[in-house]
Amino acid sequence: MEQNPAYVLIPPPPLKFSLGQWQLNNRHRYRCSEAQQELAERILTESQRICELSTEKVRTNKEETDHRLKEKIEDIDFRKKELLRIRKEVLLESDALLIYKERIMDALASVRRNALVICEKCLIFREHRLGIDLVRDNVEEELLKECDVIKGAESLLVRTLEQTQEQIRRLKATLYYMDHDLEDKENNLRIDKHNLTLKETNLNLSIYHGTSRLDPSTIELNEWELQTDNNIVAASKEVNSARPLRCYIDRIISQAINDLRDQKNATDEAFRQRIEETKEAKMKLELQHSEVMRQAAEMTKNITEIEKSIAEKERYLALAHTRLGNRCQRPGLELTRDLVEIQLVKEVYDLREVVTTLQDTMFEAQASLRYLLKTQIQIEEDINVKTNTLKIDEVDCMTLRQSMDYHAY
């Protein structure tokens, strides 16, 4: 239907400006543009001047810093060479004193850093066994016994070490402080050499945005110089006062090492037996798992067949219902309870009974499948528990114990 012309809305005419307003607007635009151009020119000139000044200042500062770094590197290198020279004298002078002490220390290091640590790690690893596998077995008892043997051997070696004379301890302390000083100077030298190679064009540079100070140094230069001087003086004094000392400790080391070896063999044998037991249990569980999976697959297939059968019977039931519904439309006396209707009603009841029986069977099958799947999950959990135990005992612990090496140093 067409719109009535009397109701058409006509938009108002656009607002028009005068010629003077147009000229005034143009002059305003010109003045603004010229002012911005003048300001931009001044900024460009000032920026170039500031950039040139800052470039020169940055270059001068970097050259001065590079010069200071070179001086510091030379100073560190000189002091490092002095420390290495006197350290060599200390080592040459203390060889006769340190040979047996070093044997004890090597044995102690093997027990403390290797044997005891490995046993304690094995105990910690075995705490991560799961479920029923977290059992106090022969392996744990042998490990605890091994820890006691290791601690006894350590105590014996420590007592032997404490019998050495004070001169050896003073020489060791001197070497320790010198090595610590050398390590610090080596790190300092590495840092400053690295800083000297850095350029402003490197890609791995970054700007620090934190709040902590960038110059946290609190040690004065004279303190730093005095530390090295004191180390050199103390080392020279020890070199001049050192006296040879022999302490034959072959019998002590041999006794400790034999005890450790015997206990290690007993613990390893307990591990091997436990691993075999766990593997056998895991294999039986895997066989059960395969059988349960097979039965679960057959049950799933059976449920699918039952569902198909129910669907087929429901189609027959729908057919019978439809036929009964259609015969309800018969007119008058034709609406007779005849043999057809009796058969249709019987067919409906029979079909309902068949469907109910099939559904009951399907529910039983589904319940059985659920139990099978639950059993499967439980067996898988048990297998995972055994797998975890095997990983701990055979992989983690036994691999770690392979590095346990006892010998008379």
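Values reported hereafter were calculated over all heavy atoms of this structure, with side chains retained and with hydrogens, waters and symmetry mates removed. Numbers here simply count residues along the sequence, with the first being 1.
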Checking [X] side chain against [Y] main chain: does a donor-acceptor pair fall under 3.5 Å?
X      : Y      : answer
Asn265 : Arg261 : yes
Arg129 : Val135 : yes
Thr357 : Glu353 : yes
Arg330 : Arg327 : yes
Ser33  : Tyr30  : no
Asn25  : Gln21  : no
Asn388 : His128 : yes
Ser403 : Leu400 : yes
Asp181 : Tyr177 : no

Compute whether any side-chain donor of one residue and acceptor of the other, for [X] and [Y], lie under 3.5 angstrom apart.
X      : Y      : value
Thr304 : Lys308 : no
Thr267 : Gln263 : yes
Thr228 : Lys185 : yes
Gln376 : Glu380 : yes
Thr278 : Asp393 : no

Starting at [atom1] of [X], measure out to [atom2] of [Y] and round the result to the nearest 0.5 Å.
X      : Y      : atom1 : atom2 : result
Ile76  : Asn187 : CD1   : CG    : 10.5 Å
Leu287 : Lys282 : CG    : NZ    : 10.5 Å
Met398 : Ile392 : CE    : CD1   : 14.5 Å
Leu130 : Thr389 : CG    : OG1   : 6.5 Å
Leu123 : Cys147 : CG    : SG    : 5.0 Å
Leu157 : Gln255 : CG    : CD    : 10.0 Å

Any [X] side-chain heavy atom under 4.5 Å of [Y] side chain:
X      : Y      : answer
Arg42  : Glu38  : yes
Thr174 : Met178 : yes
Glu347 : Leu344 : yes
Met404 : Cys119 : yes
Glu394 : Lys279 : yes
Arg370 : Lys374 : no
Lys88  : Glu93  : no
His194 : Arg190 : no

Does [X] come within less than 4.0 Å of [Y], counting only side-chain N to carboxylate O?
X      : Y      : answer
Lys70  : Glu74  : no
Arg272 : Asp268 : no
Lys264 : Glu146 : no
Arg274 : Glu277 : yes
Arg294 : Glu291 : yes
Glu162 : Arg159 : no

Check the surroundings of atom [atom1] in [X]: do more than 12 heavy atoms from other residues, nucleotides or ligands lie under 6.0 Å from it?
X      : atom1 : answer
Phe125 : CZ    : yes
Arg170 : CZ    : yes
Gln23  : CD    : yes
Glu71  : CD    : yes
Arg29  : CZ    : no
Ile132 : CD1   : no
His180 : NE2   : no

Which pair of non-hydrogen atoms, one from [X] and one from [Y], has the smallest distance, and what is that distance?
X      : Y      : answer
Ile104 : Thr160 : CD1-CG2, 3.6 Å
Glu142 : Ala270 : CG-CB, 3.9 Å
Asp95  : Leu91  : OD1-O, 2.8 Å
Ala281 : Lys386 : CB-CE, 3.9 Å
Val292 : Leu372 : CG1-O, 3.3 Å
Arg401 : Leu143 : NH1-CD2, 3.7 Å

Worked verdict on Lys72 versus Arg68 for side chain to side chain contact (heavy atoms under 4.5 Å, CB included)
CA-CA 6 Å; Lys72 183 64 175 179; Arg68 296 297 182 189; over 6 Å; no

Glu141/Lys145 under salt bridge (charged side-chain N to carboxylate O under 4.0 Å, His left out): CA gap, chis, key distance, verdict
CA-CA 6 Å; Glu141 293 176 359; Lys145 188 186 298 184; over 6 Å; no

For the pair Lys391 and Thr387, evaluate side chain to side chain contact (heavy atoms under 4.5 Å, CB included) and give the outcome as yes or no after the intermediate values.
CA-CA 6 Å; Lys391 177 185 177 298; Thr387 302; 5.6 Å; no

For the pair Gln273 and Glu276, evaluate side chain to side chain contact (heavy atoms under 4.5 Å, CB included) and give the outcome as yes or no after the intermediate values.
CA-CA 5 Å; Gln273 292 179 1; Glu276 289 300 322; 5.9 Å; no

Verify salt bridge (charged side-chain N to carboxylate O under 4.0 Å, His left out) between Asp396 and Arg126, making sure each step is shown before the conclusion.
CA-CA 9 Å; Asp396 296 338; Arg126 300 190 93 244; over 6 Å; no

Residues Glu46, Arg49; criterion salt bridge (charged side-chain N to carboxylate O under 4.0 Å, His left out); working and verdict
CA-CA 5 Å; Glu46 182 66 15; Arg49 185 184 68 82; 2.4 Å; yes

Salt bridge (charged side-chain N to carboxylate O under 4.0 Å, His left out) evaluation trace for Glu305 with Lys301
CA-CA 6 Å; Glu305 294 297 330; Lys301 183 179 178 181; over 6 Å; no

